[in-house]
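Both ligands and their constituent atoms are indexed starting at 1 by order of listing.
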Amino acid sequence: MVKLGVNIDHVATVRQARQGHEPDPVWAAVEAELGGADLITVHLREDRRHIQDRDVAVLRQTTGVPLNLEMAAIHEIMEIALQTVPAMVTLVPEKRTEITTEGGVDVCSQQVPLAEMVKKLHGAGIRVSAFIDADVQQVRAAKAAGFDLCELHTGPYALATGNGPIHIQHERLRAAGEEILNLGMQFNAGHGLNYHNVGAIAALPQVNELHIGHAIVSRALFIGLRAAVREMKLAIARSAG
Ligand code: PXP
């Protein structure tokens, strides 16, 4: 069964709109778990635009499913990861001006420093995932750098329109996923997935986890987070190959 990692950053986005206490992402994590989330994901950005240090610390103590911390490969956040020890860290690129994560980490050009970070995180017992574009060269570089998992960036697939372009993006994901599996890593995918486009990704051979945030939190406004997560789990279950 393909697992669902629920990204709750945008619950914190609403809270930060007033810089108050509600809605609390810690409550959101409980609701997501009750809806069937297999992992909880938060991205602690350098600019702290949504998730705060306190959220990561409390979630680490309270989630009943593994916590996946998304972070840029920078010293400050690395120290927090090493102190908090989430089950898993996903290294992502980060730009202050971006609305959301735009592309995958370029592991090919930073293999040595990334390998150092992976080693430190492994030393703390943390599994490490690389969020990369669907490119076999990036997959091979991730393997060489010691990553345990690769999360393929599904954004280009999600944004593609028309059967031809969608097929091209899907094929890239399939081929890169095959390489991840051939190299003995875990195959994850995420970004821009929603209730309509998740099926074809859930059906990719041996994809392990899908990481989804915005679509679930958006749906939750109307039907509640627990039900929104349950619906996504159903959409995945219907299509999983
Ligand atoms: N995976 C990664 C690495 C991400 O950075 C994000 C966005 O924070 C997601 C998955 C979830 O993307 P979306 O919110 O579009 O579902």
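Of all atoms in ligand 1, listed by their number and element, those nearer than 4.0 Å to a heavy atom of Val92 are 3 (C).
Within a 6.0 Å sphere centred on CZ of Arg54, other residues, nucleotides and ligands contribute more than 12 heavy atoms.
Atom CG of Asp9 is separated from atom NE2 of His43 by 7.5 Å, given to the nearest 0.5 angstrom.
Of the protein's heavy atoms, Gly213 N, 2.8 Å lies nearest to atom 16 (O) of ligand 1. Of the protein's non-hydrogen atoms, Gly192 N, 2.8 Å is the one closest to atom 15 (O) of ligand 1. The protein heavy-atom contact nearest to atom 2 (C) of ligand 1 is Glu70 OE2, 3.1 Å. Among protein heavy atoms, atom 8 (O) of ligand 1 sits closest to Asn7 ND2, 3.3 Å.
The heavy atom nearest to atom 1 (N) of ligand 1, considering only Met71, His211, His50, Glu151, is found in Glu151. The residue among Glu209, Glu94, His191, His214 with a heavy atom at the shortest distance from atom 6 (C) of ligand 1 is His191.
Assignment of Ala215 to the shell around ligand 1 is not supported, since no heavy atom sits closer than 4.0 Å.
With Glu179 as the partner, the side chain to side chain donor-acceptor pair (under 3.5 Å) test is satisfied by one option alone out of Lys143, Arg174, Arg140: Arg140.
At a threshold of 4.0 Å, the pair Glu94-Arg49 does not count as salt-bridged, since none of the basic side-chain nitrogens sits closer than that to a carboxylate oxygen.
Side chains of Thr41 and Asn68: a donor on one and an acceptor on the other come within 3.5 Å. His122 and Asp148 share a donor-acceptor pair across their side chains, judged by distance under 3.5 Å alone.
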